[in-house]
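What follows is a short report on a single structure.
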Amino acid sequence: MIIRRFAKSDIPQMISIWNEIVEEGTAFPQEDLLNEQTGCDFFSAQSFTAVAEENGKILGLYILHPNNIGRCGHICNASYAVGSEMRGRHIGEKLVLDCIKTGKKLGFKILQFNAVVESNIHARHLYERIGFHQLGKIPNGFRLKNGQYENICPYYIEL
């Protein structure tokens, strides 16, 4: 498996993985699905978009972008997506570690996650194992697909 900058030819597979997470309704804040045009625009607009690829198949991806502007522009934010059939193979961990290196290369000083859903135990354990710090909990900060609310846990790591 290699992690590399995405290419336009990857977009259909990337959209499929991204939309799967959106449809699950338990991790990403987005509610609208991407199509060929909106997907191309979205992934191209990021500071960096990477894919994990193996034998021509996209297994997962991440997007990296500033978390804010101006005096807080040194803080970046990222999102990760791994196809459901590929989970459990440590692809997410490899994506996070690559993202940390890329963020540092791009001049960011901190990587911050604003809205890690509290029940996303696998992601939270991964972030903590890598060295991220939890900043607390925001009660009922995430609306699940079923309409219920769940706490979110912001995390950060210094790059």
Side-chain angles (χ1 to χ4, degrees), residues 1-30 34 39-40 42-69 72-138 141-142 150-159:
M1 181 187 79
I2 61 165
I3 298 176
R4 59 171 173 77
R5 182 184 292 269
F6 87 104
K8 299 275 186 202
S9 60
D10 300 325
I11 289 178
Q13 291 182 77
M14 293 167 67
I15 289 170
S16 177
I17 293 168
W18 188 269
N19 285 347
E20 180 181 16
I21 308 294
V22 172
E23 286 178 327
E24 287 172 358
T26 58
F28 285 177
Q30 292 88 351
L34 298 175
C40 184
F42 177 70
F43 294 125
S44 298
Q46 308 303 317
S47 297
F48 193 83
T49 300
V51 295
E53 182 257 329
E54 185 175 76
N55 300 321
K57 180 174 173 61
I58 303 303
L59 312 177
L61 63 109
Y62 73 81
I63 60 170
L64 176 67
H65 51 87
N67 193 53
N68 213 315
I69 60 169
C72 294
H74 62 286
I75 302 173
C76 59
N77 186 284
S79 295
Y80 309 91
V82 176
S84 59
E85 74 281 357
M86 294 295 136
R87 294 178 193 158
R89 294 182 49 193
H90 302 281
I91 296 165
E93 180 175 4
K94 292 172 184 162
L95 289 168
V96 173
L97 292 172
D98 188 82
C99 180
I100 288 170
K101 283 190 256 179
T102 300
K104 194 173 194 172
K105 284 181 194 171
L106 293 175
F108 292 109
K109 304 291 185 206
I110 297 168
L111 173 56
Q112 177 177 316
F113 303 143
N114 300 325
V116 180
V117 179
E118 188 172 34
S119 64
N120 193 347
I121 300 298
H122 296 295
R124 294 181 61 214
H125 287 168
L126 167 63
Y127 302 150
E128 291 167 11
R129 190 172 68 249
I130 289 172
F132 281 81
H133 305 281
Q134 184 178 334
L135 292 169
K137 291 182 186 176
I138 300 170
F142 189 89
E150 188 168 340
N151 300 340
I152 54 176
C153 306
Y155 280 86
Y156 81 95
I157 192 169
E158 292 185 48
L159 307 177

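In this structure, Glu20 contributes its side chain and Ser84 its backbone to a donor-acceptor pair below 3.5 Å. Of the possible polar contacts, none joining the Gln112 side chain to the Ile75 backbone as a donor-acceptor pair under 3.5 Å is found. With Gln46 contributing its side chain and Ile63 its backbone, the two residues share no donor-acceptor pair below 3.5 Å.
Salt bridge status for Arg87 with Glu24: present, with a side-chain N to carboxylate O gap under 4.0 Å.
Ile138 and Pro154 make their closest contact through CD1-CG, 3.9 Å (heavy atoms, listed as atom of the first residue, atom of the second, distance). The minimum heavy-atom distance between Ile157 and Ile130, with the atom names listed, is CD1-O, 4.0 Å. Closest non-hydrogen pair, Ile15 versus Leu34, comes out as CG2-O, 3.4 Å. Minimum interatomic distance between Gly25 and Phe142 (heavy atoms only, all atoms of both residues): O-CE2, 3.7 Å. Considering every non-hydrogen atom in both Glu118 and Glu150, the closest pair reads C-OE2, 3.5 Å. The two residues Ala78 and Leu64 come nearest to each other via the heavy atoms CB-CD1, 4.2 Å.
Enclosure of atom NE2 in His90 is not indicated, since only 12 or fewer non-hydrogen atoms of other residues, nucleotides or ligands lie within 6.0 angstrom. The 12-atom threshold is exceeded at NE2 of His74, counting heavy atoms of other residues, nucleotides or ligands nearer than 6.0 Å. Around the CD1 atom of Ile69, the shell of radius 6.0 Å holds no more than 12 heavy atoms that belong to other residues, nucleotides or ligands.
From Glu23, atom CD reaches atom CZ of Phe28 across 12.5 Å, with rounding to the nearest 0.5 Å. Taking CZ from Arg89 and CG from Leu59, the interatomic distance works out to 5.5 Å, rounded to the nearest 0.5 Å. With rounding to the nearest 0.5 angstrom, the NZ atom of Lys57 is 4.5 Å from the CD atom of Glu85. Rounded to the nearest 0.5 Å, atoms NZ (Lys105) and CG (Asp98) are 7.5 Å apart. Atoms SG and CZ, on Cys76 and Phe113 in that order, are 8.0 Å from each other to the nearest 0.5 Å. To the nearest 0.5 Å, atoms NZ (Lys8) and OG (Ser44) are separated by 3.0 Å.
In this structure, Asn120 and Thr26 have side chains that are not in contact, with every pair of non-hydrogen atoms separated by 4.5 Å or more. Within the 4.5 Å cutoff, the side chain of Tyr155 has heavy atoms near those of the Glu128 side chain. Between Glu54 and Met86, the closest side-chain pair of non-hydrogen atoms is not below 4.5 Å.
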>> Pair Leu61, Asp10 - check side-chain contact (heavy atoms from CB on, under 4.5 Å), show working.
In response: CA-CA 10 Å; Leu61 63 109; Asp10 300 325; over 6 Å; no
>> Between Thr49 and Met14, does the side-chain contact (heavy atoms from CB on, under 4.5 Å) criterion hold? Intermediate values first, please.
In response: CA-CA 10 Å; Thr49 300; Met14 293 167 67; 3.5 Å; yes
>> Walk me through whether Leu111 and Cys99 qualify under side-chain contact (heavy atoms from CB on, under 4.5 Å).
In response: CA-CA 9 Å; Leu111 173 56; Cys99 180; 4.3 Å; yes
> Do Ile100 and Leu159 pass the side-chain contact (heavy atoms from CB on, under 4.5 Å) test, and can you show the C-alpha distance, the side-chain angles, and the key distance before you say yes or no?
Replying inline: CA-CA 7 Å; Ile100 288 170; Leu159 307 177; 3.7 Å; yes
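The aromatic rings of Tyr62 and Tyr80 sit tilted relative to each other, their planes meeting at an angle between 30° and 60°.
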